[in-house]
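None of these values were measured; they are calculated from a predicted model.
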Amino acid sequence: VVVHEVRASGLEYLALATELLQRARLADAEAGLWEAADLQWWWRTPRRSDAIEQLFWVDDAGPVAGVVLTEWSRAWGCDPIVVPGFSAVSLSTVWARALEAIDALALEAVEVLVRDDDFELVGLLAGAGFAPGDDRSGVTWMNAEERPAVAAMPDGFVLIDRAQTTTPHPLQRRSGEAVEARLRQCSLYDPALDLAVEAADGQAAGYALFWFDPETEVGLVEPMRVEDAYQRRGLARAMLTAGLDRLAARGASRLKVGYATEVARALYVGAGFRVTATSTSYRWRRPVAPD
Ligand SMILES: CC(C)(COP(=O)(O)OP(=O)(O)OC[C@H]1O[C@@H](n2cnc3c(N)ncnc32)[C@H](O)[C@@H]1OP(=O)(O)O)[C@@H](O)C(=O)NCCC(=O)NCCS
């Protein structure tokens, strides 16, 4: 197999990352942490990482591996990705190039989210001085045919989708003015799967995006939020069950959602999702140089 390196930034990066993760999913139904739609969700807001030259390995059929670096508020995320079962580029090679990139960009703080069953990456991280955090996150899946019945929206609230409305996007407050324009740049974004709940007075009570990937037939939930004042009335359950139903109608055969809190895990497991992997965030800070 002839593999060569390609560097890409901006929307060209996003297209390659999308192809890489779709190929990874087609190679293995549950491996890894991310769907292509996760990285498209990360695109919602401008980041310094938009402009860097991200590294991919590409064969005749497209990308087979990559190093994805993403600027978050607290640290940069680093995701070394290899298509499962593909041996021409090893994880240790990808990781070595990730460390080179971290150095070249002089990043100060880096986090790598790892599946707890990915012993090879855990070993590479330990060797590079990354230390595990105490977060408890994970990935859950369900077959679309096992999805729960659509739960009724509690009285006084209405479900809306972006295909029906031109009001400011409820994500603007957290993700910035450009959020809708950025989402519309994403190949897998579908306004009819971009749901929100409004209270009777028009206040935004919550939102949830659902992403259907026609290449993999996976339907992803990300993000999911009910504002504090509106929690524990069944709004999340109503949005979740409605969104899963729309994903199934689009053609999703499998449904996925990740969680990062115990409350979210309870919501998803309560709806019939099964935890297939837990994950841990490994953190590194650049040592302070002596004077
Ligand atoms: C997670 C979240 C969306 C739940 O929204 P919600 O509208 O309050 O949830 P619902 O009322 O529909 O509850 C559905 C189920 O979720 C679980 N749940 C919700 N809140 C819970 C809590 N505080 N403690 C334990 N379980 C909880 C329960 O299983 C609940 O079912 P039950 O009421 O029959 O026990 C909301 O707490 C939230 O937005 N949190 C902050 C953002 C976040 O963590 N999002 C998830 C990211 S993956």
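Taking the six-membered ring for Trp and thresholds of 30 and 60 degrees, W95 and F130 have ring planes more than 60 degrees apart, a perpendicular arrangement. Using cut-offs of 30° and 60° on the angle between ring planes, the pair W43 and Y13 is tilted.
Screening E146, E30, E35, E145 for a salt bridge (Lys or Arg N to Asp or Glu O under 4.0 Å) with R254, the sole residue that qualifies is E30.
Y230 places a side-chain heavy atom less than 4.5 Å from the side chain of F157. At least one side-chain heavy atom of Y259 sits under 4.5 Å from a side-chain heavy atom of T278. Inter-residue side-chain proximity for P223 and L209 is flagged as met; some heavy-atom pair is nearer than 4.5 Å. In this structure, the side chains of F212 and R246 stay at 4.5 Å or more apart for every pair of heavy atoms. Taking 4.5 Å as the limit, some side-chain heavy atom of W57 sits within range of a side-chain heavy atom of V94. Contact annotation: the side chain of D118 never approaches that of L33 to less than 4.5 Å [non-hydrogen atoms, C-beta and beyond]. The side-chain heavy atoms of R47 and W72, taken from C-beta on, include a pair separated by under 4.5 Å. Under the 4.5 Å side-chain criterion, counting only non-hydrogen atoms from C-beta, D59 is not in contact with V2.
Using a cut-off of 4.0 Å between Lys/Arg side-chain N and Asp/Glu carboxylate O, E5 and R97 are scored as salt-bridged. With respect to the salt-bridge test (charged N to carboxylate O, under 4.0 angstrom), the residues R286 and D103 qualify. Taking a cutoff of 4.0 Å between a charged side-chain nitrogen and a carboxylate oxygen, D50 and R182 qualify as a salt bridge. A salt bridge links E180 and R184; the closest N-O separation between the charged side-chain nitrogens and carboxylate oxygens is under 4.0 Å. Comment: D190 engages R250 in a salt bridge, judged by a side-chain N to carboxylate O separation of less than 4.0 angstrom. A salt bridge links R174 with E227; the closest basic N to acidic carboxylate O contact falls under 4.0 Å.
V221 and V218 fall into different hydrophobic clusters, where Ile, Leu, Val, Met, Phe, Trp and Tyr residues are linked whenever their side-chain heavy atoms come under 4.5 Å apart, directly or through other members. Following chains of ILVMFWY side-chain contacts shorter than 4.5 Å, one cannot reach V263 starting from V139, and the two form parts of different hydrophobic clusters. If you chain together hydrophobic residues whose side chains sit under 4.5 Å apart, V89 and L26 never meet in one group. Placement of L55 and V3 within a single hydrophobic cluster is found when ILVMFWY residues are connected by side-chain heavy-atom separations under 4.5 Å, directly or transitively. The hydrophobic cluster containing L195 does not contain V179, counting ILVMFWY residues as joined when their side-chain heavy atoms lie under 4.5 angstrom apart, directly or transitively.
One distance of note links CG of D161 with CG of L193; it measures 8.0 Å at 0.5 Å rounding. For the atom pair CG (L244) and CG (L240), the distance works out to 4.5 Å, reported to the nearest 0.5 Å. The NZ atom of K256 lies 9.5 Å from the OG1 atom of T216; values are rounded to the nearest 0.5 Å. H169 NE2 to Y207 OH: the interatomic distance, rounded to the nearest 0.5 Å, is 9.0 Å. Rounded to the nearest 0.5 Å, atoms CG (D155) and CE (M153) are 11.0 Å apart. Taking OG1 of T165 as the reference point, atom CD of E198 lies at 6.5 Å (rounded to 0.5 Å).
Side chains of T45 and S175: no donor on one and acceptor on the other come within 3.5 Å. With hydrogens and angles left out, the side-chain atoms of E222 and W211 include no donor and acceptor closer than 3.5 Å. Counting only N and O atoms by type, the side chains of S281 and E111 include a donor and acceptor under 3.5 Å apart. Donor-acceptor pairing under 3.5 Å is recorded for the side chains of S187 and Q40.
Checked by atom type and distance alone, the side chain of R25 pairs as donor or acceptor with a backbone atom of A31 at under 3.5 Å. No donor-acceptor distance shorter than 3.5 angstrom exists from the side chain of R274 to the backbone of W141, with no hydrogens or angles considered.
With ring centers used as reference points, W34 lies under 6.0 Å from W42.
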Item checked: From CA spacing to verdict: side chain to side chain contact (heavy atoms under 4.5 Å, CB included), L183, D194 -> CA-CA 10 Å; L183 287 170; D194 181 346; 4.3 Å; yes
Next item on the list: Under the side chain to side chain contact (heavy atoms under 4.5 Å, CB included) rule, what do L21 and I81 come out as? Steps first, then yes or no, please.
Entry: CA-CA 8 Å; L21 284 160; I81 297 163; 4.2 Å; yes
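By the 6.0 Å contact criterion, CG on D201 is enclosed, its count of non-hydrogen atoms from other residues, nucleotides or ligands being greater than 12.
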